[in-house]
Amino acid sequence: MEKELFYVNLNPISMDTISPTRVDDGQLIEYEIAATPAEKKALEDLLHEVQSHDLELGNLVTFRHFDDEKVDEDKNEYQRGLNDVYEELYRLGTAETKQKIKEIHMINDDQ
């Protein structure tokens, strides 16, 4: 199946949106990827999962945020998800995207 170019930004509000159009906004860091429809869908699902964990309302209306152990677990789980996102962006990314990700040290250089 032929790959198409898409653009991904990791803005927490619209993290799970993958666009076929580049957004001309100097405030956003966009990652250009080449993906099949199935790869795009898998990345969207991963982004949605990470975003929903970050925005879980259950943690906002409970006393969970007072439990340091639970807060650390949540942070670690979110970071693991974000690491998975960067690995997938690197795998699907164009040369420019791969360079951006290497520059922010979000990928192991051994790949």
Side-chain angles (χ1 to χ4, degrees):
M1 194 161 260
E2 192 171 321
K3 294 187 178 210
E4 297 178 48
L5 287 179
F6 296 100
Y7 300 91
V8 181
N9 76 64
L10 299 183
N11 177 340
I13 295 170
S14 62
M15 183 184 287
D16 56 348
T17 303
I18 298 176
S19 173
T21 308
R22 183 184 295 260
V23 176
D24 190 19
D25 182 345
Q27 299 294 316
L28 290 177
I29 298 174
E30 282 190 307
Y31 299 99
E32 184 179 65
I33 63 167
T36 65
E39 289 169 328
K40 177 182 178 266
K41 173 73 170 112
L43 180 57
E44 284 173 330
D45 291 346
L46 178 60
L47 289 167
H48 181 72
E49 181 181 321
V50 171
Q51 182 183 29
S52 66
H53 178 75
D54 188 38
L55 302 175
E56 284 178 346
L57 293 178
N59 291 343
L60 298 176
V61 295
T62 68
F63 290 100
R64 184 178 173 121
H65 61 279
F66 290 113
D67 184 343
D68 288 340
E69 189 174 309
K70 291 292 184 192
V71 169
D72 287 344
E73 286 175 23
D74 286 347
K75 286 179 186 175
N76 291 338
E77 187 175 331
Y78 177 73
Q79 187 60 52
R80 276 190 299 274
L82 203 51
N83 291 347
D84 291 345
V85 166
Y86 277 105
E87 285 178 19
E88 192 64 5
L89 287 174
Y90 187 87
R91 186 179 75 77
L92 298 172
T94 61
E96 179 184 347
T97 292
K98 289 179 180 183
Q99 185 59 38
K100 282 181 186 178
I101 292 172
K102 281 183 180 180
E103 286 173 4
I104 61 171
H105 306 287
M106 288 305 295
I107 198 74
N108 184 350
D109 287 329
D110 296 338
Q111 293 188 355

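Residue indices begin at 1 and follow the sequence shown.
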Kindly determine whether D45 and K41 satisfy side chain to side chain contact (heavy atoms under 4.5 Å, CB included), including the steps that lead there. CA-CA 6 Å; D45 291 346; K41 173 73 170 112; 2.7 Å; yes

Go through it in stages, so that I can follow the logic: the residues are Q79 and N83, the test is side chain to side chain donor-acceptor pair (under 3.5 Å), and I'd like the CA-CA distance, side-chain angles, deciding distance and then a yes or no. CA-CA 6 Å; Q79 187 60 52; N83 291 347; 2.8 Å; yes

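In terms of heavy-atom proximity, A34 sits nearest to L5 at CB-CD2, 4.1 Å. Of all the heavy atoms in Y90 and K98, the pair that sits closest is O-CE, 2.9 Å. The two residues Y7 and T21 make their nearest non-hydrogen contact at CD1-C, 3.6 Å.
Under a hydrophobic-cluster definition in which Ile, Leu, Val, Met, Phe, Trp and Tyr are linked whenever side-chain heavy atoms come within less than 4.5 Å, directly or via other members, L89 and I18 are assigned to the same cluster. Follow the hydrophobic side-chain contacts under 4.5 Å out from L10 and you reach I33 in the same cluster.
Listed by chain and number, the residues in a side chain to side chain contact (heavy atoms under 4.5 Å, CB included) with T36 are M1, K3, A38, E39 (sequence neighbours excluded). By the side chain to side chain contact (heavy atoms under 4.5 Å, CB included) test, E96 pairs with T94, K100, sequence neighbours left out.
With values rounded to the nearest 0.5 angstrom, Y86 atom OH is found 4.0 Å from I104 atom CD1. Note that CG of L47 is 9.0 Å distant from OG1 of T17, once rounded to the nearest 0.5 Å. Atom CG of residue L82 and atom CG of residue L46 lie 9.5 Å apart, to the nearest 0.5 angstrom. Here the straight-line distance linking atom CZ of R22 with atom CG of N9 works out to 12.0 Å at 0.5 Å rounding.
One finds no salt bridge joining D84 and R80 here, because no Lys/Arg side-chain nitrogen approaches an Asp/Glu carboxylate oxygen to under 4.0 Å. Ion pair K40/E44 flagged as a salt bridge, since at least one NZ, NE, NH1 or NH2 atom sits closer than 4.0 Å to an Asp/Glu carboxylate oxygen.
Residue L28 is found in a hydrophobic cluster whose other members, listed by chain and number, are V23; membership requires side-chain heavy atoms under 4.5 Å apart, directly or through intermediates.
Side-chain atoms of L92 and E88, non-hydrogen and from C-beta on, do get closer than 4.5 Å to each other.
Here the side chain of T97 pairs a donor or acceptor atom with the backbone of E32 at under 3.5 angstrom.
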